[in-house]
Amino acid sequence: MSKGFLLVISGPSGSGKGTVSQALLERNKDIVFSISATTRKPRPGEKDGVNYFFLEEEEFMKRAERGEFLEYAFVHNNYYGTPKDFVLKEIEKGEIVLLEIDVQGALQIKKNYKNVVFVFLLPPTMDELKNRIIKRGTETEEDIELRLKNAFEELDFVGEYDYFVVNDKVEDAVKDIEHIIKAEKLRVKRHSDIKKKVMKKEED
Ligand code: 5GP
């Protein structure tokens, strides 16, 4: 059986990670989303256990100390972390697990895990990025400034990733990621029994 892998998608706030990930998941039922834990307060419409596991800082740190996160980081003044158990179990089952995490988290994963595909999502321009964050209307002015400052810094890390995708139109960005997944699935290293499979086909 082919093994599952982690698909890490990062990109600055406003690059459209959430929208692109959502569309990707809707179209590809073989991808599972890893729901992160966070100390951020829910935005209107966000649900606990759906968008995030919303935790108090004390509970978050307890879980971090117990080693329950695959990675965690302090992002835009809040903690965010990836639950380890869920991700490792899904990988073992052969699933593709989508992690929508920041650059710091991605670097931790890169250091500690092998079977990972790293995708960096970019906005068409930084002006467009700013417009998107403002239009979303969920952040304070101070938070918008912080997210923009962080966006510039995050761009320095694009070289750490395997692929970049420009999110001009969501549909195109999703297709690009689907192509990446397709190619990754065909990697020889992900299959231990290629010859056997071909031989079996001949017999059929
Ligand atoms: P937001 O508050 O806009 O939902 O997310 C803020 C940032 O935190 C985004 O860059 C998002 O990718 C990142 N993030 C979300 N979940 C995780 C996580 O589990 N780990 C890390 N390191 N970053 C995360």
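Note that ligands are numbered from 1 as they come in the structure, with each ligand's atoms numbered from 1 the same way. Position 1 is the first residue of the sequence, and the numbers go up from there.
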Compute the centroid of each ring, for Phe60 and then for Tyr79, and state whether the two points are separated by less than 6.0 Å.
-> yes
In terms of heavy-atom contacts, Ile180 and Val165 come closest through CD1-CG2, 3.9 Å
Could you name the protein residues that come within less than 4.0 Å of ligand 1, counting only heavy atoms, and order them by chain and residue number?
-> Lys17, Ser36, Arg40, Arg43, Tyr52, Glu71, Ala73, Val75, His76, Tyr80, Gly81, Thr82, Glu100, Ile101, Asp102, Gly105, Arg147
Which heavy-atom pair separates Tyr161 from Val103 by the least distance, and what is that distance?
-> OH-CA, 3.6 Å
Do Glu90 and Lys93 sit within salt-bridge range, that is, some charged N less than 4.0 Å from a carboxylate O?
-> yes
Taking the six-membered ring for Trp, are Phe74 and Tyr80 ring centroids under 6.0 Å apart?
-> no
Between Arg187 and Glu184, is there a salt bridge with N-O shorter than 4.0 Å?
-> yes
